Amino acid sequence: MLEPKKIKYRKVHRGNRKGMAKGGTEVSFGSYGLKAMESGWVTARQIEATRISISRRVRKLGRMWIRIFPDKPITKKPMETRMGKGKGSPEYWVANVKPGRVLFEVEGIPKEVAQEAFRIAGNKLAIKTKLVSKRGLDEG
C-alpha cells in the first residue's frame, strides 16, 4: 500500500475539504481518466483496491497512472480509552480529494473497456466519480 517514506510531522490536523481542486483537473498522461465529483478522503486501501480492479480490466493492452497519493496520516485512539491523554497514534493514510481532481488515468484501451473499468473502480471509492477523456478525443 502507498504511504510516504518520510514526513515532517507524525500527526496533522484534519483540515478542510471545501472548494474545488486547484490542480490535476485535466487528463494529462492517458486517454481517459476517473474524475472525482465530490470531496472526501480516499484511503490507501481504497486506492490499492481501485488500482487492482483497473489493472484487471486493462491487462497488458494499456497503461495506467495513479494521480493521487495518500500523504495525510489519520490518527485513532484505542477502543475503550478515556477522554484526554493526547491525540491517538497514526492508523492509516489518506489522500485529500476535492471535486474536479483526476484520480486515475488509462491509455491504450477502447472507450467501452475504460468505461467498464472505471465503473467498477468507482465502486471501490467512497466518493462519486465520472469518466472523462482527453480534450482531443470525443467529448465524454
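These values consider heavy atoms only, across backbone and side chains, with no hydrogens, waters or symmetry-generated copies. This one's a predicted model, so the numbers in the text were calculated from it and none came from an experiment.
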> Group every Ile, Leu, Val, Met, Phe, Trp and Tyr by side-chain heavy-atom contacts under 4.5 Å, then state whether I68 and W65 land in the same group.
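Hydrophobic grouping puts I68 apart from W65.
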> What is the minimum heavy-atom distance between V106 and A114, and which atoms define it?
CG2-CB, 4.2 Å
> Do the non-hydrogen side-chain atoms of I74 and E91 ever get within less than 4.5 Å of each other?
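Result no, sub-4.5 Å side-chain heavy-atom pair not found.
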> Can W41 be reached from I127 by stepping across I, L, V, M, F, W or Y side chains whose heavy atoms are under 4.5 Å apart?
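Each belongs to a different hydrophobic cluster.
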> Around atom NZ of K77, are there more than 12 heavy atoms from other residues, nucleotides or ligands closer than 6.0 Å?
yes
> Examine distances only and state if a side-chain atom of K11 and a backbone atom of K87 form a donor-acceptor pair shorter than 3.5 Å.
yes
> So P4 and F69, do their side chains get closer than 4.5 Å, heavy atoms only?
yes
> Go through it in stages, so that I can follow the logic: the residues are I54 and F104, the test is side-chain contact (heavy atoms from CB on, under 4.5 Å), and I'd like the CA-CA distance, side-chain angles, deciding distance and then a yes or no.
CA-CA 9 Å; I54 292 171; F104 293 87; 3.8 Å; yes
> Which atom pair, heavy atoms only, marks the closest approach of T50 to A121?
CG2-CB, 3.5 Å
> First locate atom OG1 of T81, then atom NZ of K76, and finally report the distance between them rounded to the nearest 0.5 Å.
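The OG1 atom of T81 sits 10.5 Å away from the NZ atom of K76.
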> Got P70 and V42 here, is their nearest side-chain heavy-atom distance under 4.5 Å?
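SC-SC contact between P70 and V42 ruled out.
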> Less than 4.5 Å apart, side chain to side chain, heavy atoms only: is that true for L131 and Y32?
yes
> Linking I/L/V/M/F/W/Y whenever their side-chain heavy atoms sit closer than 4.5 Å, directly or via other members, would L103 and V94 fall into one cluster?
no
> Does S31 form a side-chain contact (heavy atoms from CB on, under 4.5 Å) with K111? I'd like the steps, not just the answer.
CA-CA 9 Å; S31 313; K111 186 173 183 176; over 6 Å; no
> Could you grab the distance from atom CD of E112 to atom CD1 of I109, nearest 0.5 Å is fine?
10.0 Å
> Compare all side-chain heavy atoms of R10 with those of P73 and state whether any distance is below 4.5 angstrom.
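In short, these two side chains do not touch, never coming nearer than 4.5 Å.
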> Step by step, would you call W93 with I7 a side-chain contact (heavy atoms from CB on, under 4.5 Å)?
CA-CA 12 Å; W93 296 85; I7 50 168; 3.6 Å; yes
> Is there a donor-acceptor pair closer than 3.5 Å between any side-chain N or O of R119 and the backbone N or O of K130?
no
> Just verifying a value: how many Å separate R17 CZ and N96 CG, rounded to the nearest 0.5 Å?
7.0 Å
> Following the transitive rule for hydrophobic clusters with a side-chain heavy-atom cut-off under 4.5 Å over Ile, Leu, Val, Met, Phe, Trp and Tyr, establish whether V97 and L2 coincide in one cluster.
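Yes, it is one cluster - the side chains of V97 and L2 are joined through contacts under 4.5 Å.
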> Evaluate the side-chain contact (heavy atoms from CB on, under 4.5 Å) criterion for residues S53 and R51: first the C-alpha distance (whole Å), next the side-chain angles of each, then the deciding distance (0.1 Å), finally the verdict.
CA-CA 6 Å; S53 71; R51 182 193 69 78; over 6 Å; no
> If only atom types and distance count, is the side chain of K134 paired as donor or acceptor with the main-chain N or O of S28 below 3.5 Å?
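Here the side-chain-to-backbone pair exists.
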> Using atom types as modelled and distance alone, determine if a side-chain donor or acceptor of R59 lies under 3.5 Å from a backbone N or O of R56.
yes
> Using a 4.5 Å cut-off on heavy atoms from C-beta on, say whether the side chain of R45 contacts that of M1.
yes
> Roughly how far, to the nearest 0.5 Å, is the CE atom of M64 from the CZ atom of F29?
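Here the interatomic distance stands at 13.5 Å.
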> Can you check whether V113's main-chain N or O pairs, donor with acceptor, with E116's side chain at less than 3.5 Å?
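Judged by distance alone, no pair lies under 3.5 Å.
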> Taking C-beta and beyond as the side chain, do P99 and M20 meet within less than 4.5 Å on heavy atoms?
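P99 vs M20: side chains touch.
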> For the side chain of K72 and the backbone of H13, is there at least one donor-acceptor N/O pair under 3.5 Å apart?
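Answer holds: yes.
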> Give, for atom NZ of K124 and atom CD1 of I47, the distance between the pair rounded to the nearest 0.5 Å.
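Going from NZ on K124 over to CD1 on I47, the span is 14.5 Å.
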> Can you get from L34 to I66 by hopping between Ile, Leu, Val, Met, Phe, Trp and Tyr side chains that sit under 4.5 Å apart?
yes
> Within the side chain of K98, is there an N or O that forms a donor-acceptor pair under 3.5 Å with the backbone of K18?
yes
> With no hydrogens and no angle check, is any side-chain donor or acceptor of E105 less than 3.5 Å from a backbone partner on G30?
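Yes: the side chain of E105 pairs with the backbone of G30.
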